[in-house]
Amino acid sequence: MRKNIVAGNWKMNKTVAETEQLVADLKSKLQDVDNGARVIIAPSFVSLTTAVTAVKGSEIEVAAQNMHQEANGAYTGEVSAEMLKSAGVNTVIIGHSERREYFKESDELLASKVDAVLANGMEVIFCFGETLKDRKLDNQLLEVGSQIKKSLFHLPAEAWKNIVLAYEPVWAIGTGETATPEQAQEMHKFVRRIVSKKYTDELADDISILYGGSVKPNNAKEIFSKPDVDGGLIGGASLKADDFLAIVNGF
Ligand code: PEP
């Protein structure tokens, strides 16, 4: 069943103490919000257990920003699905454009990360999006279609109940530039169409598709009002409780 979701990607921000503080602020202010949206935060690895403890007694969920695809072994500095699960995390962001760009994560690698998350009974927030160059060449649908097909279309239909999609045009991330609500709607509708072609209309209709890219309190409502936009993946504006909650209030 499709749900509205606002997920905050904290990236490499906030110490453990700052995590505790931000969760406390979010918790107290979220009490006044009751629109049925799922609220997810994704702090850094070192703050995950603190966040999991701090959100207790609220509806806030905790996600990880990344994960290694192998179950365990000699992968210095990496974190596995089982470790995340043992820390109380149920959702993992996979395929963020910063991981694709700075850490050279390929579509194939992302497919194996998706498999590892799902094999551990957790949920994936799968990010995809075109670069400015793709958009200028009017290649955005082709590029996004290719990213989704290569990393997700090997999945059996039943696996999709644990997939959330996040369209994040690379040119709109952290730039202050936002896709127009129409551009977001066009892409989300396209994604639902290719998923429905590969699987079924019902499956495509059930997926939550988030938009990400400079979503702020002043533009969230308009973007979220589009029929195929089911919420947002929020970077910069998720680091301040008031801004994040204003975005949650955008439904
Ligand atoms: C992101 O990194 O997922 C993101 C959408 O960032 P921002 O909101 O800062 O553009």
Side-chain angles (χ1 to χ4, degrees), residues 4-14 18-19 22 26 37-45 47-48 51 60-67 89 91-105 110 113-114 117 123-132 134-135 140 143-144 147-148 151 163-181 183-185 187-188 191 208-224 226 228-251:
N4 288 334
I5 301 172
V6 176
N9 173 13
W10 292 7
K11 309 193 185 187
M12 199 170 72
N13 293 293
K14 304 290 177 193
E18 288 166 347
T19 298
L22 182 49
L26 287 171
R38 284 177 66 194
V39 177
I40 304 175
I41 55 168
S44 75
F45 284 137
S47 292
L48 285 174
I60 304 171
E61 301 169 48
V62 179
Q65 299 173 16
N66 177 39
M67 195 197 81
V89 170
T91 302
V92 188
I93 298 172
I94 297 290
H96 192 280
S97 64
E98 288 152 14
R99 302 285 326 164
R100 292 177 189 260
E101 185 184 350
Y102 305 142
F103 303 95
K104 305 289 169 242
E105 296 195 351
L110 297 175
K113 289 193 178 202
V114 167
V117 178
E123 173 187 63
V124 173
I125 298 179
F126 182 78
C127 306
F128 55 89
E130 80 283 3
T131 61
L132 186 58
D134 295 322
R135 172 86 33 192
Q140 63 273 15
E143 176 56 27
V144 159
Q147 289 176 15
I148 291 177
S151 298
I163 301 280
V164 171
L165 298 178
Y167 169 50
E168 297 211 305
V170 179
W171 48 272
I173 296 178
T175 59
E177 188 135 353
T178 321
T180 63
Q183 285 172 321
Q185 168 59 24
M187 184 60 82
H188 288 215
V191 168
S208 296
I209 310 180
L210 316 184
Y211 168 78
S214 300
V215 177
K216 307 278 180 230
N218 64 1
N219 59 20
K221 210 178 190 75
E222 212 190 336
I223 297 171
F224 295 173
K226 293 295 176 191
D228 286 298
V229 178
D230 307 305
L233 181 55
I234 319 298
S238 68
L239 299 173
K240 286 193 184 138
D242 286 338
D243 286 356
F244 191 58
L245 290 169
I247 292 171
V248 176
N249 268 322
F251 291 108

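Order of appearance sets the numbers: ligands from 1, and atoms from 1 within every ligand.
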When you look for protein heavy atoms under 4.0 Å from ligand 1, which residues do they belong to?
Asn9, Lys11, His96, Glu168, Ala172, Ile173, Gly174, Gly212, Gly213, Ser214, Leu233, Ile234, Gly235, Gly236

Assess whether a salt bridge exists between Glu168 and Arg100, defined as any Lys/Arg side-chain N lying under 4.0 Å from an Asp/Glu carboxylate O.
no

Can you sort out the partners of Asn13 under side chain to side chain contact (heavy atoms under 4.5 Å, CB included), two or more places apart, ordered by chain and number?
Lys11, Leu239

Could you work out, with salt bridge (Lys or Arg N to Asp or Glu O under 4.0 Å) as the rule, every residue matching Asp134, not counting sequence neighbours?
none

For Ala64 against Phe45, the heavy-atom pair lying closest together
CB-CE2, 4.1 Å

If a pair satisfies side chain to side chain donor-acceptor pair (under 3.5 Å) and one of its residues is in residues 242-251, list it, with sequence neighbours excluded.
Lys29-Asp242

Distance only, no hydrogens: is a donor on one side chain within 3.5 Å (strictly under) of an acceptor on the other, for Trp171 and Glu130?
yes

